[in-house]
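A quick write-up on the structure given underneath.
Start at 1 and go down the list; that is how both ligands and their atoms are numbered.
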Amino acid sequence: MSGKFSRRQFAKLAGFSALGLAATSANAAPKQKTAADPHAPARFPKDFRWGTATSAYQIEGAVNEDGRGRSIWDTFAHTPGKIEDKTTGDRANEHYHRYKEDVGLMRDLGVKHYRFSIAWPRVFPEGTGKPNPKGLDFYNRLLDELLAKGIEPYATLYHWDLPQALQDRVGGWQSTDTSKAFADYAGYIAERLTDRVKNIFTLNEAGRFLNFGYGWGIDAPGLKLPNAELNQARHNVVLGHGLAVQAIRARGRAGTKVGPAENIATCVPAFDTPENVRAAEIATRELNSGLLSVMLEGKYTDGFLEYAGKDAPKFTAEELKIIGSPNDFVGLNIYAPQFYIAASDKKPGWSVLPFPASFPHMSADWLRIGPETIYWAPRLAAKVWNLKTIYITENGTSSEDKVHADGKIYDLDRIMYLRNYLRQLQRAVAEGVPVRGYFLWTLMDNFEWIYGYEKRFGLVHVDFETQRRTPKLSASFYRDVVTRNAIGA
Ligand code: BG6
């Protein structure tokens with residue numbers, strides 16, 4: 001990331017408490033050991049769901065078409081100095097018009113599942129009030145196209161593009177009015193789309209958009225709130241999640257499944273001893289205490305409240321009940337190890353070890369290479385919160401992709417990253433960790449937020465001048481994994 005900010009800092013700051021408390025459950029041995037030969041093909045269960053993920057503002061473009069309202073990301077991207085290459089998502093991948101071609105790319109990959117996001121300001125241009133039927137129609141067309149091609153849609157309701165009108169009127173997530181407006185929007189979508197969308201993710205990465213957008217001013221809306229106000233905004237966000245879960249259950253078709261998609265603060269035992277594993281469980285609960293823990297437990301941990309002190313959010317018992325509304329699944333976005341954890345004799349019983357400067361990373365410096373993260377994060381989360389269904393809702397990497405003279409893109413570093421992470425994912429699944437599916441980030445290069453078009457995360461290369469899509473070598477790699485439902489030959 002640019003000199004402005006690095007996710008290394010984020011890794012340090014993501015945990016709200018240096019204190020650890022007793023986790024909810026004891027350490028358990030994994031069900032089954034992995035195959036002795038690390039090179040043998042490692043199979044996934046036959047109903048494992050393979051997919052790709054995208055988000056609306058990053059690909060749709062068409063920001064002024066068919067009555068779409070402005071979002072905080074339109075405003076932010078158009079503010080000088082905010083986006084590294086001075087671009088915006090105005091045009092992006094023109095997916096709004098090219099969605100059929102893009103669904104075709106998925107079909108060619110062989111994936112049968114697709115996680116996309118709905119742009120709230122397309123559906124409610126003012127955030128609340130009068131819906132815009134033309135906005136919703138785009139998603140109707142997209143869903144019909146996906147289903148016609150045999151691809152199951154998973155909708156995310158909020159991938160950071162808050163209607164600007166809500167930011168202007170009530171201060172966005174600083175107000176519970178936004179939590180309530182989010183629930184109304186969620187209910188409206190549930191009423192109209194759950195005939196075809198059976199799985200809904202409420203919020204994408206609350207941990208990112210709050211810290212970056214409301215805490216450090218790096219993402220939209222670019223605020224730097226003091227701690228007490230930031231904690232209150234966090235509370236309003238998790239309240240919005242809980243209210244949305246309830247609205248979807250009340251207004252969606254019976255059987256609609258719902259849960260969050262969170263960039264869990266990823267903990268990894270420094271090395272595998274029972275003591276370190278236990279310490280990593282406790283750390284997982286504490287370092288996710290302001291968001292995932294409260295969503296899954298319906299209470300803030302004592303450690304969180306103690307650490308926040310006078311800056312703790314104000315809340316009622318009724319709100320905690322809403323926030324803790326049961327989810328059907330939890331989505332985890334997993335890119336890199338954030339905390340290596342060791343057991344400690346001192347309170348709170350665990351410590352975070354410092355990263356050596358030589359720790360390897362991908363082309364983005366925040367994207368450290370730690371394949372074991374995709375094994376440990378779901379294993380620890382399942383243990384701590386007794387989860388029964390987990391989806392890896394994002395995993396992938398940017399690469400310095402270059403189109404060679406033969407027109408091909410040999411993104412071998414992406415393949416290296418993916419094959420190692422997928423091996424570890426298979427290990428988790430084989431040991432009984434309840435991961436039911438994997439959505440690779442991302443289908444095609446897109447508008448990468450503050451990086452603009454400089455960072456490329458796609459399996460498919462996009463020439464943003466011509467909008468030509470070219471599958472990279474990693475697309476062949478992923479197609480092979482999906483087709484054989486296995487990693488390794
Ligand atoms: C996740 C987001 O944080 O990571 C995606 O959910 C994003 O929307 C991806 O594109 C990569 O992040 P970044 O900061 O490198 O653009």
inquiry  = Quick one, L193 and I118 - any side-chain contact, counting heavy atoms below 4.5 Å?
reply    =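 L193 vs I118: side chains touch.
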task = Any atoms of ligand 1 less than 4.0 Å from a non-hydrogen atom of W441? List them with their elements.
result =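 It comes down to these atoms of ligand 1: 5 (C), 7 (C), 8 (O), 9 (C), 10 (O).
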ask   = Between Y114, F138, F116, which is the residue that forms a ring pair (Phe, Tyr, Trp, His ring centres under 6.0 Å) with Y99?
value =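 So, applying the ring pair (Phe, Tyr, Trp, His ring centres under 6.0 Å) to Y99 and each of Y114, F138, F116, only F138 qualifies.
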query = Is R196 salt-bridged to D144, going by a charged N under 4.0 Å from an acidic O?
reply =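 Yes, R196 and D144 are salt-bridged.
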request  = Kindly assign one of parallel, tilted or perpendicular to the pair F464 and Y453, based on the angle between their ring planes and the thresholds 30° and 60°.
outcome  =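 Tilted.
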ask   = Between Y340 and F359, what is the ring plane arrangement, given parallel below 30°, perpendicular above 60°, and tilted in between?
value =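 It falls in the tilted class, 30° to 60°.
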query = Are any of the N/O atoms in E205 less than 3.5 Å from those in ligand 1?
reply =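 By distance alone, the answer is yes.
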inquiry  = When you compare ligand 1 with S55, is there at least one nitrogen or oxygen pair between them that comes in under 3.5 angstrom?
reply    =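 Not met; the criterion fails.
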message = My understanding is that we take every heavy atom of each candidate and find the minimum distance to atom 1 (C) of ligand 1. Doing that for H159, Q58, E394, R208, which one comes out nearest?
response =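 Result: the heavy atom closest to atom 1 (C) of ligand 1 is in E394.
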inquiry  = Using heavy-atom distances only, which candidate in F457, W449, Y335 approaches atom 9 (C) of ligand 1 most closely?
reply    =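 The nearest heavy atom belongs to Y335.
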Region of N204 that comes within reach of ligand 1 [heavy atoms, distance under 4.0 Å] =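 The side chain, only.
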